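See structure below.
Every chain is numbered from 1, with letters handed out A, B, ... down the list of sequences. None of the values given here were measured: they were computed from a predicted structure. Side chains are part of it too, since the values below use all heavy atoms of this structure and drop only hydrogens, waters and symmetry mates.
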There are 2 protein chains.
Amino acid sequence: MDDIDRSLLTLLQADASQSYATLGQSVGLSTGAAHERVRKLRERGVIRRTTIEVDHDAVGRGMLAFVLVEASTWMGSDETRDALMALPDVQEAHIVAGSASLLLKIRTATTEDLQVVLRRIYELDQVLTARSVVVLETFFERPLEPVQHSGS
Amino acid sequence: MDDIDRSLLTLLQADASQSYATLGQSVGLSTGAAHERVRKLRERGVIRRTTIEVDHDAVGRGMLAFVLVEASTWMGSDETRDALMALPDVQEAHIVAGSASLLLKIRTATTEDLQVVLRRIYELDQVLTARSVVVLETFFERPLEPVQHSGS
DNA sequence: GTTGAAAACAAGTGTCC
DNA sequence: GGACACTTGTTTTCAAC
């Protein structure tokens, strides 16, 4: 993982549909070399997959909320994970440190749909409170810049 | 935006590197027709871009935290946005309703780096408190399922 | 939407630096 | 590890229908 790899990742995050020829030019490599680098990044799992970014409003998910769930027991079980996975509106689920146990990112079409999801969350065992933080406006959501790091 | 478009979006989110021929087969269309559909979805902005998903640990961003910022003034200004944009560790920034004004998603290499970002946030005008919620484990982060909606 | 042909691209080869 | 030249199979793209 050198500077060229980091550049390739940044370029691909900006536009993964560009050709290896273009990619190579941008980083000062031949088409073949650029291709080989990207192949290895995929193989090593640094690139997890190629995907598309979809407009939330256009697919009927204009409503965004974060929910902090407090529970009277450890929420890190497979059962909890599976229960959350079964709710398609829950886009992210994290186990967190602090007074809350779980942090969820939820996208729905309307506030009514959010209520439905919250009701389901309260039905989970041991849930005490679910504090919702409703998003009024998103400033930005962007890809992560690869950083220099000591390891490897 | 019909069921076929929704299927195409879901398929492309799972793997945007597949050919239009494969894509067409999956939804029961010819290569050309599938291509035309996807082209229009891009044109209409439903598909914002093609990108790659990068492994956080591999690019030196193994640490994830959400930060709730309380401020004594409205944080929805362009100045606030620009100040946050200038911090590469801040991956998402949202204006929220409730006791906090701002919700940030921050990815860093270490806890020390998180501290550095927090110091920068406290330097913003009118910031009163910044409550960090540190992620211990991510259950999942997934693409959003397109939903049926009344409009269009 | 479909079909089919031309152009562009990816993926693999060997050789040299 | 990378450049360069070449080949083969696939994919995209763009006609005409």
Side-chain angles (χ1 to χ4, degrees), chain A residues 1-55 58-60 143-152, chain B residues 1-61 109 143-152:
Chain A
M1 170 76 75
D2 58 7
D3 282 342
I4 294 180
D5 281 340
R6 271 184 285 274
S7 298
L8 288 171
L9 290 174
T10 303
L11 289 164
L12 284 172
Q13 281 186 114
D15 178 15
S17 68
Q18 63 191 299
S19 72
Y20 290 112
T22 309
L23 217 47
Q25 275 189 311
S26 301
V27 297
L29 288 182
S30 72
T31 305
H35 184 257
E36 182 64 9
R37 289 250 189 182
V38 174
R39 193 192 62 73
K40 281 180 184 162
L41 285 169
R42 276 184 212 281
E43 190 183 71
R44 283 163 46 205
V46 176
I47 296 175
R48 291 210 284 226
R49 62 181 173 146
T50 305
T51 185
I52 53 166
E53 215 179 86
V54 163
D55 184 78
V59 295
L144 28 90
E145 189 76 12
V147 292
Q148 209 88 28
H149 63 301
S150 39
S152 90
Chain B
M1 170 75 77
D2 58 7
D3 283 341
I4 294 180
D5 281 340
R6 270 184 285 275
S7 298
L8 288 171
L9 290 174
T10 302
L11 289 164
L12 284 172
Q13 280 185 101
D15 178 13
S17 69
Q18 64 190 296
S19 71
Y20 290 115
T22 309
L23 217 48
Q25 275 188 311
S26 302
V27 298
L29 287 183
S30 71
T31 306
H35 184 257
E36 182 64 8
R37 287 246 189 187
V38 174
R39 193 192 63 74
K40 281 181 183 160
L41 285 169
R42 276 183 212 282
E43 191 182 71
R44 283 162 47 204
V46 177
I47 296 175
R48 290 210 283 225
R49 60 180 174 147
T50 305
T51 185
I52 53 165
E53 216 179 85
V54 163
D55 184 76
H56 310 124
D57 293 326
V59 294
R61 292 196 177 276
L144 27 89
E145 189 77 12
V147 292
Q148 209 87 27
H149 63 299
S150 38
S152 92

remark   = For B/A16 and B/T50, the nearest pair of non-hydrogen atoms, with its separation, is CB-CG2, 4.0 Å
ask   = Is the backbone N or O of A/T10 less than 3.5 Å from a side-chain atom of A/E145, with the two atoms forming a donor-acceptor pair by type?
value = no
key: Sugar-phosphate, base or nothing in reach of A/G24, heavy atoms under 4.0 Å   = nothing
request  = Kindly say whether A/L11 contributes a backbone atom to a donor-acceptor pair with the side chain of A/Q18 at under 3.5 angstrom?
outcome  = yes
ask   = So B/K40 and B/E43, salt bridge (Lys or Arg N to Asp or Glu O under 4.0 Å) or not? Walk me through it.
value = CA-CA 5 Å; B/K40 281 181 183 160; B/E43 191 182 71; over 6 Å; no
task = Using whole Å, report how far CD of B/Q25 lies from P of C/dG1.
result = 16 Å
task = Show the numbers, then the answer: is there a salt bridge (Lys or Arg N to Asp or Glu O under 4.0 Å) between B/D5 and B/R37?
result = CA-CA 7 Å; B/D5 281 340; B/R37 287 246 189 187; 3.2 Å; yes
query = B/H35 has an atom NE2; how far is it from atom P of C/dA7, in whole Å?
reply = 18 Å
query = Whole-Å distance between C/dA10 P and A/E36 CD?
reply = 14 Å
inquiry  = For chain B and DNA chain D, what are the first and last nucleotides along the strand, 5' to 3', with at least one atom under 4.0 angstrom from a heavy atom of the protein chain?
reply    = D/dT11 to D/dT13
request  = Figure out the CD/P separation between A/Q18 and C/dA10, and round it to whole Å.
outcome  = 10 Å
inquiry  = Please classify the nucleic acid contact of B/R39 as base, sugar-phosphate, or nothing, using heavy-atom distances under 4.0 Å.
reply    = nothing
ask   = Would you find a donor on one side and an acceptor on the other, under 3.5 Å apart, between the side chain of B/R6 and the backbone of A/V59?
value = no
